[in-house]
Amino acid sequence: QVQLQASGGGLVQAGGSLRLSCVATGRFFLINGMGWYRQAPGKERELVAGITPGGESNYQNSVKGRFTISRDNAQNTVDLQMNDLKPEDTAVYYCNCRAKITKDSSNYDYWGQGTLVTVSS
């Protein structure tokens with residue numbers, strides 16, 4: 001199984017920055033895609049940014065140019081640097097990864113516990 005531990009959320013003023021970090025631990029064969037999702041009150045969970053093991057990344061349009069996702073395959077970590085934060089970025093942010101537990105198993109999605117990011121205007 002894979003456990004994801006996220007950290008780095010908090011309260012920040014509009015225009016400020018925060019860095020979210022997430023580490024994957026447990027017994028697994030391979031971690032494929034990693035990413036960050038968010039869920040604002042009354043809204044569905046949405047993808048913020050994702051990154052492949054090779055470093056290819058993709059972003060939600062609303063965060064392009066402001067957020068940067070990175071990962072360290074050796075440490076099984078994924079970070080999200082968030083700059084120029086806006087009140088509409090306020091949400092609970094969830095770390096996600098897709099992993100194979102064994103060489104022959106399918107890929108499964110795993111989720112962290114969520115970390116709250118609040119941006120005040």
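Being a predicted model, the structure only gives us computed values, none of them experimental. If you read the sequence from its start, that first residue is 1, and numbering goes on from there.
Atom-to-atom distance recorded for Ile101:CD1 and Gln1:CD is 5.0 Å, nearest 0.5 angstrom. Expressed to the nearest 0.5 Å, how far CG of Asp79 lies from SG of Cys22 amounts to 8.5 Å. In this structure, the separation between CD on Gln81 and CG on Leu18 is 8.5 Å, given to the nearest 0.5 Å. Note that CE of Met34 is 5.0 Å distant from SG of Cys97, once rounded to the nearest 0.5 Å. A distance of 4.0 Å separates CG in Asp109 from CZ in Arg98, rounded to the nearest 0.5 Å. Between the CG atom in Asn58 and the CD1 atom in Ile69 there is a gap of 8.0 Å [rounded to 0.5 Å].
With hydrogens and angles ignored, the 3.5 Å screen pairs a side-chain donor or acceptor of Asn96 with a backbone N or O of Tyr110. Checked by atom type and distance alone, the side chain of Gln113 pairs as donor or acceptor with a backbone atom of Ala6 at under 3.5 Å.
Between Glu46 and Glu44 the shortest side-chain heavy-atom distance does not fall below 4.5 Å. Between Met82 and Val63, the closest side-chain pair of non-hydrogen atoms is not below 4.5 Å. Between Thr77 and Ser21 there is no side-chain heavy-atom pair separated by less than 4.5 Å. Side-chain contact between Thr90 and Leu85 is absent, with no heavy-atom pair separated by less than 4.5 Å. Side chains of Gln5 and Cys95 form no contact here, defined as non-hydrogen atoms less than 4.5 Å apart.
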### Query
Going through the distances and angles, do Gln60 and Leu47 end up as a side chain to side chain contact (heavy atoms under 4.5 Å, CB included)?
CA-CA 7 Å; Gln60 181 189 111; Leu47 175 68; 5.9 Å; no
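Listed by first and then second residue, the ring-ring contact (aromatic ring centres under 6.0 Å, His included) pairs that reach into residues 52-108 come to none, sequence neighbours excluded.
In terms of heavy-atom proximity, Ala14 sits nearest to Ser121 at CB-CA, 4.3 Å. For Arg38 against Asp89, the heavy-atom pair with the smallest separation is NH1-OD1, 3.0 Å.
Side-chain heavy atoms closer than 4.5 Å link hydrophobic residues (I, L, V, M, F, W, Y) into clusters, and following such links, even through other members, never connects Val92 to Trp36. Note on Ile31: it does not cluster hydrophobically with Tyr37, by side-chain heavy-atom contacts below 4.5 Å among ILVMFWY residues.
When each of Val48, Thr68, Val117 is checked for a side-chain contact (heavy atoms from CB on, under 4.5 Å) with Leu80, only Val48 meets the rule.
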